[in-house]
Amino acid sequence: MTIKEELPPGAVSPEEIQEANVRVSATFSDMFKPILGPFGSKMLITQGATKIEAADLVSGNAYSLIKELKYMHPTADMLINAGLTQGERVGDGVATVMILTGELVKRGFELKNEGVHQNIVVKGYELALEHVKEVLAEIAAEVDVRGAGGDELLRCVAKTALKKGDYYAEDKLADAVVQSIKRISDDDSDDDGAGNKSIDVDDIAIETKSGGRMQETGFAEGVVVDREVLAALPTEMTPARIALLDFPLEHKEPKIKGRQELKTGTGARERSKAGETLGALDFHVKLSKPSQFKEFREARAKIFDAVVDPVVKSGANVICCRWGVDDDALGKFRRAGIMLIKRVKLTDMKRLERSTGGKIVKDVSDLSEDKFGVAGRVVQREISGDNYVFFEQCSHKKSATMFIRGASTRVLEGLVGEIRSALHAVAQLFEDNRVVPGGGAVEMECAYRVRKFAKKIPSKEQLAMDAFADALESIPKALAKNNGMNQIDALTKLRADHFAGDKNAGISGSDKCCVKDVMKAGILDPLSVKLQALNSATEAATGMMKIDDLHVANSAARAEAANPEAQIAGRTRELIDAERNPPEFDFRGGRLKYTGRDEKKPKSVYR
């Protein structure tokens, strides 16, 4: 949906703007309702609906979806930002934000059409939100995540965040999630002194491999690098002194006239899978007689030795090089008994830097013992036919790695997003150890209490608070529908249970029925996730409720697109905007790389 740009600023009526906002909000709400809950469906986003050229995405994780969803309407930007805020702060509950925001906007404008001013609706929403916060604080239960039974509670939270209907090995996945979070939670470097623990989920690496079984999913302590040790070099080192090199151990060669150039304009020698290397000197060499060729080879070997020898003699017994390593250097490392790994990804280099306490060195002259990392053990192991290097017993900062296996890349792609949501949900309990009942129970209890409180408000804000309660009930209704239950029967049953005082009554996806106490059934959500979802949804909805005018600002891109030459060349305004303001992405998430034999697939925006 796009605004008519031929209209002058201010010419769009407030009613038309508000109607468009309602349609956009309702569209997003209806879009994310089917993916809610343990048996929610998946969504397919094709290349035409993504921000950049990327492989089609099939996922049921709302955070993975909104990161790539392309939109045109300006109101959609507010909705997407609300979901992104939820994902960036707590990592879970994004679908709840999108659904609640759409329902609050739709019901708010219904009241406005009945004669209730939008400012009164906003005030009513704010009163309802404050009361909901009080209710959540009242029904939340503190749990001891480090005491007896703490692991079982963490597993319940992880299972609630995972889509049980998709993965039959949910116990295996939940165990791996809990073990990974507990591993990095044992590190005291991020403790604020008051007992609160800040956990960076990005310290947990996720390695995926298609073609395996879900039961092969596992957890490993420390940093795992998906590279193998070079041939005939030691595959185990105890203890390990680790050097992290950000320069190539290759011969520096002059440029040669007539050399085949790459499409990028760089010589073939400068190519590297890890990035662009500095493998060629910026001059040409012309040999006029045969004796000069020997001199050239001697000078070339001398330059090469000046780079390799200091690394061999530095005292490090494990070398991680981000770039390429020449075969001529392997003999020196073999005689010195040094383990060598080449083309290590930059993300793994930074993770090793944090975990081992080492520093990434960009020049051989800067290499010294004080920049070495330390690990108790470095060993190469084979997992599902692939070699990985394990950095264990890292004393500086603890880290963990999850190995995810699945039948195909599509399965893994959806699984990684769900696992990241589960990791964030479990990590939240180490910062705030309060949990609330899941399965729509907390929304039903809040809706019941808001309606009860609204009867004490002798003004029109009472109507807005009732609308807020109706919006909250859209969550259990969507859960009931996705579980194959009758929405009306489930809603009336839950209303009766909560009126009778069963505040934990909710929907159990595994039993496909309403249960009296979802907490006993192990359906739990972190309180921080629910609070952030309600705050984000209410703020986005109230912001849209106050919009009643539109001004289309003139831009240089529009003027350039109106040029006849640009129109002949097919340069539209959208294309010019994309060239001037390329989209930026946070490379944290669940997309995987697709590799094909015959054609090169578009690169992922997450890896």
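Arg322 and Val344 make their closest contact through CG-O, 3.5 Å (heavy atoms, listed as atom of the first residue, atom of the second, distance). For Asp202 against Arg420, the heavy-atom pair with the smallest separation is OD1-NH1, 4.2 Å. Pairing each heavy atom of Pro248 with each of Val307, the nearest pair is O-CG1, 4.0 Å.
A donor-acceptor pair under 3.5 Å links the side-chain atoms of Gln86 to the main chain of Ala533, judged by distance alone. Side chain of Glu228 to backbone of Val389: no donor-acceptor contact under 3.5 angstrom is found. Gln380 contributes no side-chain N or O that, together with a main-chain N or O of Pro234, makes up a donor-acceptor pair within less than 3.5 Å.
Below 30°, between 30° and 60°, or above 60°: for Phe390 and Phe403 the angle between ring planes is between 30° and 60°, a tilted geometry.
A donor atom on one side chain and an acceptor atom on the other are not found under 3.5 Å apart for Gln532 and Ser528. In summary, the side chains of Asp363 and Ser365 do present a donor paired with an acceptor at a separation below 3.5 Å, with no hydrogens or angles considered.
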Query raised in the report: Given Arg351 and Asp203, is the salt bridge (charged side-chain N to carboxylate O under 4.0 Å, His left out) satisfied, shown in steps?
Result: CA-CA 7 Å; Arg351 189 173 287 113; Asp203 287 334; 5.8 Å; no
Query - side-chain hydrogen bond (donor to acceptor under 3.5 Å, both in side chains) between Ser536 and Thr85, worked out - result: CA-CA 7 Å; Ser536 299; Thr85 300; 5.7 Å; no
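Remark: Arg241 is not positioned above the aromatic ring of Phe372, lacking an NZ or CZ atom under 6.0 angstrom from the ring centre and at most 45 degrees off the axis.
The distance from atom CG of Asp366 to atom NZ of Lys371, rounded to the nearest 0.5 Å, is 4.5 Å. Here the straight-line distance linking atom NE2 of His251 with atom CZ of Arg297 works out to 8.0 Å at 0.5 Å rounding. One distance of note links CG of Leu423 with CD of Glu418; it measures 11.5 Å at 0.5 Å rounding.
Within the 4.5 Å cutoff, no side-chain heavy atoms of Arg155 are placed close to those of Val426.
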